[in-house]
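Okay, structure first, notes after.
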Amino acid sequence: MSMGRPWLTVEAVLATVVLGASVAYWGVRGDDRAFYTSMSDAARVPAAVKPVEGASTGSYTWDCGRNQNGHRNTGNPVVSPGVAGPAHHEHDFVGNLGVRADSRLEDLPGQSTSCTNGDASTYYWPVLRLGTTKEHHGPALVPTSLTLTYLGNPRGPVVAMPRLLVAAVGDAYAYTNKNGSARSEWSCSNTPDRTTMKYPICDDGAEVVRIFDFPSCWDGRQLDSANHRQQVVFPAAGGGCPAGTFAVPHLKISMTYAVPAGRRYRIDAFDGQRRSPLTDHGFMVNLMPDDLMKRVVTCLNAGQACDGTTGSRSG
């Protein structure tokens, strides 16, 4: 046997070991590895639109907890009111504590809430789980932080949302229908200047960041629509609302997860969607008391930074 160039054999062995460790590290089948990415390959966050004079430049943040009480079930009172969903697709709920698997929108007013400012709205999204290739339902991950923020509009003032207005972001069937409605947004806590539509592989010590950036242009008539998206749409290029719509407070929800090193994680998804990150989605049903919504609108239009937990204002 030739002993020439032995380093090639060593390099080949090392490469095999590293590749095997990488696959084992994430516990992902070869055809699922495309769902994950390092943040070095992620897109940079676009620069914020410069607001015009008279724009609503304020912000309002408040605390509804992290769902540390485990309020999760298969219900979706917007899409499938009164009907429990499939067992493999659970939602995490914060805010309104009355949402059950068979709830309807009319069941929600008057229920208690996890929000410290009295906001009885419901906010929900698919459960994020740890898992392995042999384990369909891994343990649910509870966020280490969860921030709800209302922002204004860079092209003018905002108006109040009506009670029971529905807003939705993302598409639960984005993997198979490829209709361009996917709005998944992920990052890592140490790369806030980059986001991706894939599951991020974060550096050791960094947490996974999950973001829901909701539409904020209401048609002024409907509380909901057939596809749950026509009544509140996304701003046009430049930040202004399309003709015939009105700017309402712009909801942004951001949460972080401490994913253990070497563990794969994925969202609950419907059959056929392969728990793709593209299918991530969120819903909001507004049940803020009218006086609280008025305070939010006043804060945004006055350009103030308001903390709805403490009642403080600045700006």
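Each of Ile267 and Leu278 belongs to its own hydrophobic cluster when Ile, Leu, Val, Met, Phe, Trp and Tyr are linked at side-chain heavy-atom distances under 4.5 angstrom. A continuous path of hydrophobic side-chain contacts links Leu292 to Phe214 [ILVMFWY only; heavy atoms under 4.5 Å]. Following chains of ILVMFWY side-chain contacts shorter than 4.5 Å, one cannot reach Phe212 starting from Met197, and the two form parts of different hydrophobic clusters. Taking hydrophobic clusters as Ile, Leu, Val, Met, Phe, Trp and Tyr residues chained together by side-chain heavy-atom distances below 4.5 Å, Leu146 does not share a cluster with Val209. Placement of Leu300 and Phe246 within a single hydrophobic cluster is found when ILVMFWY residues are connected by side-chain heavy-atom separations under 4.5 Å, directly or transitively.
Residue Leu130 holds its CG atom at 4.5 Å from CZ of Arg263, rounded to the nearest 0.5 Å. Distance check: Gln304 CD to Ser314 OG gives 8.0 Å after rounding to the nearest 0.5 Å. From Thr37, atom OG1 reaches atom CZ of Arg194 across 10.0 Å, with rounding to the nearest 0.5 Å. Considering CG of Leu148 and OG of Ser254, their distance stands at 10.0 Å, rounded to 0.5 Å. A distance of 11.5 Å separates CG in Asp307 from CZ in Arg313, rounded to the nearest 0.5 Å. Put simply, CD1 on Ile201 and CE on Met39 are 11.0 Å apart, with the number rounded to the nearest 0.5 Å.
Side-chain atoms of Ser56 come within 3.5 Å of backbone N or O of Gly156 as a donor-acceptor pair. Looking at Asp280, its side chain never comes within 3.5 Å of a backbone N or O of Glu185 through a donor-acceptor pair. In this structure, Ser121 contributes its side chain and Met288 its backbone to a donor-acceptor pair below 3.5 Å. Side-chain N or O atoms of Gln111 include one that pairs as donor or acceptor with a backbone N or O of Asp107 at under 3.5 Å. With hydrogens and angles disregarded, a donor-acceptor distance shorter than 3.5 Å links the side chain of Gln68 to the backbone of Arg66. In this structure, the side chain of Arg183 does not engage the main chain of Val169 through any donor-acceptor pair within 3.5 Å. In this structure a side-chain-to-backbone donor-acceptor pair under 3.5 Å is missing from Lys252 to Ile211. Asn117 contributes no side-chain N or O that, together with a main-chain N or O of Gly308, makes up a donor-acceptor pair within less than 3.5 Å. Remark: side-chain polar atoms of Thr279 are not paired, donor with acceptor, to backbone N or O of Ala174 under 3.5 angstrom. Judged by distance alone, with hydrogens and angles left aside, the side-chain atoms of Ser216 form no donor-acceptor pair with the main-chain N or O of Pro249 at under 3.5 Å.
Residues passing the side chain to side chain donor-acceptor pair (under 3.5 Å) test with Asn301: none are found, sequence neighbours excluded. Taking Arg100 as the reference, Asp102 meet the side chain to side chain donor-acceptor pair (under 3.5 Å) condition, with sequence neighbours excluded.
Inter-residue side-chain proximity for Cys188 and Asp203 is flagged as unmet; no heavy-atom pair is nearer than 4.5 Å. When side chains are defined from C-beta on, Leu223 does not count as touching Gln231, because their heavy atoms never get closer than 4.5 Å. Using a 4.5 Å cut-off on side-chain heavy atoms (C-beta onward), Leu287 and Thr113 make no contact. Between Arg266 and Leu128 there is no side-chain heavy-atom pair separated by less than 4.5 Å. Between Val297 and Val159 the shortest side-chain heavy-atom distance does not fall below 4.5 Å. Looking only at side-chain heavy atoms (C-beta outward), Leu108 and Val99 come within less than 4.5 Å of each other. Looking at Cys202 and Ser189, their side chains never come closer than 4.5 Å, going by heavy atoms from C-beta outward.
Closest approach of Pro162 and Asn286 over heavy atoms only: O-ND2, 2.9 Å. Closest approach of Val259 and Val208 over heavy atoms only: CG2-CG2, 3.6 Å. Heavy atoms only, all atoms of each residue included: Ala172 and His281 are closest at CB-CE1, 3.5 Å. The two residues Asp119 and Pro289 make their nearest non-hydrogen contact at CA-CD, 4.2 Å. The two residues Pro200 and Ser187 have their closest heavy-atom pair at CG-O, 3.3 Å. What you find for Ala258 and Glu207 is that their closest heavy atoms are CB-OE2, 3.4 Å.
Relative ring orientation between Tyr199 and Tyr36 is described as tilted, the plane-to-plane angle lying within the 30° to 60° band. Relative ring orientation between Phe270 and His88 is described as perpendicular, the plane-to-plane angle rising above 60° on a 0-90° scale split at 30° and 60°. Ring-plane geometry between Trp62 and Tyr60 is classed as tilted, the angle between the planes lying from 30 to 60 degrees on a 0 to 90 degree scale.
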Check step by step if side chain to side chain donor-acceptor pair (under 3.5 Å) holds for Thr144 and Thr256.
-> CA-CA 6 Å; Thr144 57; Thr256 60; 2.7 Å; yes
Kindly determine whether Tyr257 and Arg210 satisfy side chain to side chain contact (heavy atoms under 4.5 Å, CB included), including the steps that lead there.
-> CA-CA 8 Å; Tyr257 296 88; Arg210 186 183 189 185; 3.1 Å; yes
Could you go step by step and tell me if Trp125 and Val94 meet the side chain to side chain contact (heavy atoms under 4.5 Å, CB included) rule?
-> CA-CA 9 Å; Trp125 44 83; Val94 301; 3.7 Å; yes
So Leu105 and Val166, side chain to side chain contact (heavy atoms under 4.5 Å, CB included) or not? Walk me through it.
-> CA-CA 10 Å; Leu105 292 184; Val166 170; 4.2 Å; yes
Verify side chain to side chain contact (heavy atoms under 4.5 Å, CB included) between Val79 and Phe283, making sure each step is shown before the conclusion.
-> CA-CA 10 Å; Val79 176; Phe283 287 89; 3.5 Å; yes
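Residue pairs meeting the side chain to side chain donor-acceptor pair (under 3.5 Å) criterion with at least one partner in residues 71-83, sequence neighbours excluded, are Arg72-Asp92, Asn76-Tyr124.
The side-chain hydrogen bond (donor to acceptor under 3.5 Å, both in side chains) test with Asp268 singles out one residue from Gln273, Arg129, His89, His91, and that residue is Arg129. Exactly one residue among Asp213, Thr149, Asn153 makes a side-chain hydrogen bond (donor to acceptor under 3.5 Å, both in side chains) with His250. That residue is Asp213.
More than 12 heavy atoms of other residues, nucleotides or ligands lie within 6.0 Å of NZ in Lys178, so this atom counts as buried by the packing criterion.
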